[in-house]
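Here is the structure we will look at, set down as structure tokens.
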Amino acid sequence: MSYNKTNDLKCLKCGACCIFYSISKLNKKSMKPCKYLDVETGLCKIYKNRPEVCSDFKADEICYLISSLQLDEKLYILKKIYS
């Protein structure tokens with residue numbers, strides 16, 4: 001993977017961001033799965049109508065660095081980085 005200055009990395013559909021981050025518009029607390037997250041597919045069930053905070057979120061280098069980890073390990077790493 002080459003460094004991408006435009007930050008248009010593709011979402012890996014792991015669902016980690018839909019669990020880790022709080023989303024006030026959906027009354028979703030951090031470290032709780034969003035009620036619209038399909039945990040089987042890692043996809044949002046309301047993708048076309050999701051809140052702006054969700055549509056504005058972009059995958060970054062951290063997503064790619066932790067991509068080979070299991071979901072619980074990803075959440076642990078995100079917590080260590082951002083908490």
Side-chain angles (χ1 to χ4, degrees):
M1 179 180 76
S2 62
Y3 180 70
N4 187 338
K5 292 181 183 178
T6 61
N7 197 22
D8 61 355
L9 300 173
K10 301 295 181 205
C11 175
L12 300 171
K13 301 176 185 168
C14 71
C17 60
C18 300
I19 297 170
F20 181 73
Y21 297 103
S22 63
I23 306 170
S24 59
K25 183 153 186 160
L26 297 175
N27 198 29
K28 190 205 111 27
K29 305 287 186 208
S30 178
M31 297 305 287
K32 303 288 183 195
C34 177
K35 63 184 175 184
Y36 299 109
L37 173 65
D38 182 337
V39 292
E40 296 294 318
T41 64
L43 300 175
C44 177
K45 296 176 188 175
I46 61 164
Y47 187 80
K48 290 183 180 182
N49 298 313
R50 70 196 186 281
E52 187 175 351
V53 67
C54 298
S55 62
D56 286 349
F57 185 82
K58 304 293 183 220
D60 62 14
E61 289 79 9
I62 299 296
C63 297
Y64 279 78
L65 289 171
I66 65 175
S67 65
S68 65
L69 301 176
Q70 296 295 318
L71 181 58
D72 61 332
E73 295 170 315
K74 290 177 186 180
L75 295 171
Y76 175 81
I77 296 297
L78 290 172
K79 190 172 182 179
K80 286 292 193 182
I81 293 170
Y82 296 111
S83 296

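In this chain, residues are counted from 1 in sequence order.
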Can any side-chain N or O of [X] pair as donor or acceptor with the backbone N or O of [Y] at less than 3.5 Å?
X	Y	result
Y21	A16	no
D60	C63	yes
K32	S22	no

Next on the checklist: Between Y36 and Y47, is there shared hydrophobic-cluster membership here, with clusters defined by ILVMFWY side-chain heavy atoms closer than 4.5 Å?
Outcome noted: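 Per the 4.5 Å side-chain linkage, Y36 and Y47 are not co-clustered.
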
Item to check | Hphob cluster co-occupancy, M31 + V39, side-chain heavy atoms under 4.5 angstrom | outcome: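 Per the 4.5 Å side-chain linkage, M31 and V39 are co-clustered.
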
Give, for atom [atom1] of [X] and atom [atom2] of [Y], the distance between the pair rounded to the nearest 0.5 Å.
X	Y	atom1	atom2	result
E73	I66	CD	CD1	10.0 Å
C34	N27	SG	CG	11.0 Å
C11	F57	SG	CZ	8.0 Å
Q70	L75	CD	CG	11.5 Å
C17	L37	SG	CG	8.5 Å
T41	K13	OG1	NZ	8.5 Å

Please examine the side chains of [Y] and [X], heavy atoms only from C-beta on, and report whether any two atoms are closer than 4.5 Å.
X	Y	result
I19	L78	no
K58	L9	no
C54	I23	yes

Which atom of [X] lies closest to which atom of [Y], heavy atoms considered:
X	Y	answer
K28	C18	CE-O, 3.2 Å
K45	K35	NZ-O, 4.5 Å
G15	L71	C-CD1, 4.5 Å
K74	C14	NZ-CB, 3.2 Å

Checklist entry - Checking side chain to side chain contact (heavy atoms under 4.5 Å, CB included) for the pair L65/I77: CA distance, chi angles, key distance, verdict? => result CA-CA 10 Å; L65 289 171; I77 296 297; over 6 Å; no

Next on the checklist: Assess the residue pair I81 and F20 against the criterion (side chain to side chain contact (heavy atoms under 4.5 Å, CB included)); give the C-alpha distance rounded to whole Å, side-chain angles, the decisive distance to 0.1 Å, and a yes or no.
Outcome noted: CA-CA 12 Å; I81 293 170; F20 181 73; over 6 Å; no

